[in-house]
Amino acid sequence: MKSPSSHRPDTWRDLVPKHWRSDRLSKFADIIVSNVDKKTEDGEDPVLLCNYVDVYKNDRITADIPFMEASATPHEITKFTLQREDVITTKDSENPLDIAIPSLVAEDLDGVLCGYHLAILRAEKRHLFGPYLSWLHVSQTIRAHYEMHATGITRWAIGRKHFKTCPVPLPPLPEQKRIATYLDARCAAIDRAVETKKKQLDTLDALRKSIIQRAVTQGLNPKVKMKESGVDWLGRVPKHWLCESLKRATSRIQTGSTPPTSQPVYYEEGTIEWFAPECFSQTIKLRTPKKLINQQAFEDKKVRIFAPETVLFVGIGATIGKVAVLEKEGSSNQQIVGISCDHRMIGRFLAYQLKNYETIIPKLAQYTTLPILNQTKVGYLPVLRPPISEQQEICEFLDNKELELANVEKILNDQISTLTAYRKSLIHECVTGKRRISDADVTKVEAHV
């Protein structure tokens, strides 16, 4: 059997219930591609504009959305004003998977126009129910058509003809309405469950930060005598701990470097892991390295190699303050500072301390076009230094806690993945007739909303 993306409109007849119709979208809907820009021009009428982001972030378009102000000609107002049950879709994007993302207009919106980079799919109400059309465009079966026809290099797009030729399975109108109503209720319940799981992940991350903060600033002994640290965000700390600048508590602070990409020889058969800011995670463990470089890059002094247990600290950019520790030798780009510890400080303990600073660092950074904390300023960061045996004890405690939290996090993420996959499967089954929706199904699902 051919893949869904290769179906001609008439081949749907072999895949859907016999009483369903199938044809190209243009048979049942008007396709209106917008060219209304975001400018306000003299002599034009003021309007509100529904833009790409409004569609991308919202399943439903309502008057509650803070639309941007713009202007348009009378002809544009007549042609592009949003009507209830219109389906607005993205028609170009930097990512081909973001093509034809739908959003349903939930009410008549006088004075609100469809903006540039979008298209209106306006169903012919005798044959096609707008909310059903919206669910069709969520289904992977229909999305495959657009993904196959999207063209581009840095920006991807589909033309009006690809909307027109999109193959549409079409049950009788009453069945379309049952399917849309059923999916509205079922998917809303699934979305609520996913949102609950995501909030639990947020709570888990807050718990992680709280555990780290307490351990690296107060230690593990609740009865220990305390003193003022002299640093606002550290507060009171154990009396026998030292508080000093990071450069005094460590042996070396260096920035990373990037071998020139114009010299691919430095990346051939690479075995040395090279990290960039996007490789940092919520923990002090790094994700997969961005690239692998080879020994020649080091021999030619095009890269700096850090030893195991070096603490990596993002000193510039949107992720400034992110921290991790190398488990084996590796390297990084110049946005990252490598901090080497000596016998007085365990790398993992320093990493946990700096992890506690993640919300503080952006406030300390010097802003130009990007937040910056260079290696000199990193060196002046205050750090706490307990006895080495206590550092080890705290590291073991935090490592074990992190393992416990990671196990819970995996369970929650697996549950989110399962719910998301079920949602996709449910939509596919309903809009292709593999799951038939009766009035009793609708009554039952609405009773649980």
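FYI, side chains are in, hydrogens and waters are out, and symmetry mates aren't considered; it's all heavy atoms of this structure.
- Residues Leu398 and Val216 have side chains in contact (heavy-atom distance under 4.5 Å, counting atoms from C-beta outward).
- Side chains of Tyr352 and Arg348: a donor-acceptor N/O pair is absent below 3.5 angstrom, by distance only.
- No side-chain donor-acceptor contact under 3.5 Å links Thr90 to the backbone of Asp92.
- By the 4.5 Å heavy-atom criterion applied to side chains, Leu136 and Pro102 are not counted as neighbours.
- Within a 6.0 Å sphere centred on CD of Glu124, heavy atoms belonging to other residues, nucleotides or ligands number more than 12.
- A 4.5 Å side-chain heavy-atom check between Ile190 and Leu426 finds at least one atom pair inside the cut-off.
- Enclosure of atom CZ in Arg214 is not indicated, since only 12 or fewer non-hydrogen atoms of other residues, nucleotides or ligands lie within 6.0 angstrom.
- Nearest heavy-atom pair, Lys125 versus Leu173, reported as atom, atom and distance to 0.1 Å: O-CD2, 3.5 Å.
- Glu404 CD to Asp399 CG: the interatomic distance, rounded to the nearest 0.5 Å, is 11.5 Å.
- Within a 6.0 Å sphere centred on NZ of Lys434, other residues, nucleotides and ligands contribute more than 12 heavy atoms.
- A salt bridge between Arg423 and Asp191 is present, with a side-chain N of the basic residue lying under 4.0 Å from a carboxylate O of the acidic one.
- The backbone N or O of Ser438 lies less than 3.5 Å from a partner atom in the side chain of Asp441, making a donor-acceptor pair.
- In this structure the side chain of Thr196 reaches within 4.5 angstrom of the side chain of Gln200, judged on heavy atoms.
- For CZ of Arg84, the number of neighbouring non-hydrogen atoms (other residues, nucleotides, ligands) closer than 6.0 Å is 12 at most.
- Rounded to the nearest 0.5 angstrom, Leu381 CG and Leu350 CG are separated by 9.5 Å.
- Counting only distance, with no hydrogens or angles, the side chain of Ser34 and the backbone of Cys114 share a donor-acceptor pair below 3.5 Å.
- Within the 3.5 Å criterion, the main-chain N or O of Asn58 finds a donor-acceptor partner in the side chain of Ser103.
- When all heavy atoms of Pro171 and Ile179 are compared, the pair lying nearest together is CG-CD1, 4.1 Å.
- Using a 3.5 Å distance cut-off with no hydrogens or angles, the side chains of Tyr56 and Asp98 do pair a donor with an acceptor.
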Decide yes or no on side-chain contact (heavy atoms from CB on, under 4.5 Å) for Phe80 and Ile32, but give the supporting numbers first.
CA-CA 8 Å; Phe80 299 115; Ile32 308 167; 3.5 Å; yes
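- The environment of Asp232 atom CG is sparse: at most 12 non-hydrogen atoms of other residues, nucleotides or ligands sit within 6.0 angstrom.
- Taking the side chain as every heavy atom from C-beta outward, Asn35 and Glu76 approach each other to under 4.5 Å.
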Check the pair Thr261 / Tyr267 against side-chain contact (heavy atoms from CB on, under 4.5 Å), numbers first and verdict last.
CA-CA 8 Å; Thr261 54; Tyr267 298 91; 3.8 Å; yes
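- Between the CD1 atom of Ile158 and the CE atom of Met148 there is a distance of 11.0 Å, given to the nearest 0.5 Å.
- Atoms NZ and CD, from Lys355 and Glu402 in turn, are 8.5 Å apart once rounded to the nearest 0.5 Å.
- For an aromatic pair to be called close, the ring centres must be under 6.0 Å apart, and Tyr146 with Phe163 satisfies this.
- No donor-acceptor distance shorter than 3.5 angstrom exists from the side chain of Asn51 to the backbone of Val53, with no hydrogens or angles considered.
- Between Arg122 and Glu85 no salt bridge is recorded (no basic side-chain N to carboxylate O distance below 4.0 Å).
- Side chain of Arg21 to main chain of Leu170: no donor-acceptor pair is present (N/O by atom type, distance under 3.5 Å, no hydrogens or angles).
- Not a single donor-acceptor pair under 3.5 Å links the side chain of Ser93 to the backbone N or O of Pro96.
- The pair Glu273-Lys291 does not meet the salt-bridge criterion, since no charged nitrogen lies less than 4.0 angstrom from a carboxylate oxygen.
- Contact check for Ile437 versus Glu175: no side-chain heavy atoms found under the 4.5 Å cut-off.
- Proximity of Leu326 to Pro308: side-chain heavy atoms (C-beta onward) are nowhere separated by under 4.5 Å.
- For the residue pair Thr181/Asp184, the side-chain donor-acceptor check at 3.5 Å is not satisfied.
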For a salt bridge (charged side-chain N to carboxylate O under 4.0 Å, His left out) check, start with the C-alpha distance between Asp202 and Lys199, then their side-chain angles and the critical distance, and finish with the verdict.
CA-CA 5 Å; Asp202 290 340; Lys199 287 180 180 178; over 6 Å; no
Would His137 and Leu25 satisfy side-chain contact (heavy atoms from CB on, under 4.5 Å), going step by step from the backbone distance to the final call?
CA-CA 11 Å; His137 278 73; Leu25 179 59; 4.3 Å; yes
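- The heavy-atom pair separating Lys290 from Cys279 by the smallest distance is N-SG, 3.6 Å.
- Thr258 and Gln334 share a side-chain donor-acceptor pair at under 3.5 Å.
- Sorted by first and then second residue, the side chain to side chain donor-acceptor pair (under 3.5 Å) pairs with a member in residues 308-327 form an empty list; sequence neighbours excluded.
- Shortest non-hydrogen contact noted between Glu44 and Thr73 is OE2-CG2, 3.5 Å.
- Here CG of Leu121 is found 9.0 Å from OG of Ser134. Values are rounded to the nearest 0.5 Å.
- The closest side-chain heavy-atom distance from Arg208 to Thr283 is below 4.5 Å.
- Not a single donor-acceptor pair under 3.5 Å links the side chain of Arg186 to the backbone N or O of Val445.
- A donor-acceptor pair shorter than 3.5 Å can be found between the side chains of Thr141 and His428.
- Using a distance-only test at 3.5 Å, with no hydrogens or angles considered, a donor-acceptor pair links the side chain of Ser71 to the main chain of Glu41.
- Closest non-hydrogen pair, Lys197 versus Gln415, comes out as NZ-OE1, 3.0 Å.
- A cation-pi contact, defined as under 6.0 Å to the ring centre and within 45° of the axis, links Lys91 to Tyr116.
- Relative orientation of the His145 and His149 rings is tilted, given thresholds of 30° and 60° on the angle between their planes.
- Nearest heavy-atom pair, Phe67 versus Asp54, reported as atom, atom and distance to 0.1 Å: CD2-OD2, 3.9 Å.
- For Trp233 and Tyr357, the distance between ring centers is under 6.0 angstrom.
- Tested against Leu312, the residues Ile284, Leu354, Leu286 include a single side-chain contact (heavy atoms from CB on, under 4.5 Å) partner, Leu286.
- With hydrogens and angles disregarded, a donor-acceptor distance shorter than 3.5 Å links the side chain of Asn400 to the backbone of Glu396.
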Report the C-alpha separation of Leu48 and Leu113 in whole Å, then their side-chain angles, then the decisive distance to 0.1 Å, and conclude whether the side-chain contact (heavy atoms from CB on, under 4.5 Å) test is met.
CA-CA 6 Å; Leu48 295 176; Leu113 274 60; over 6 Å; no
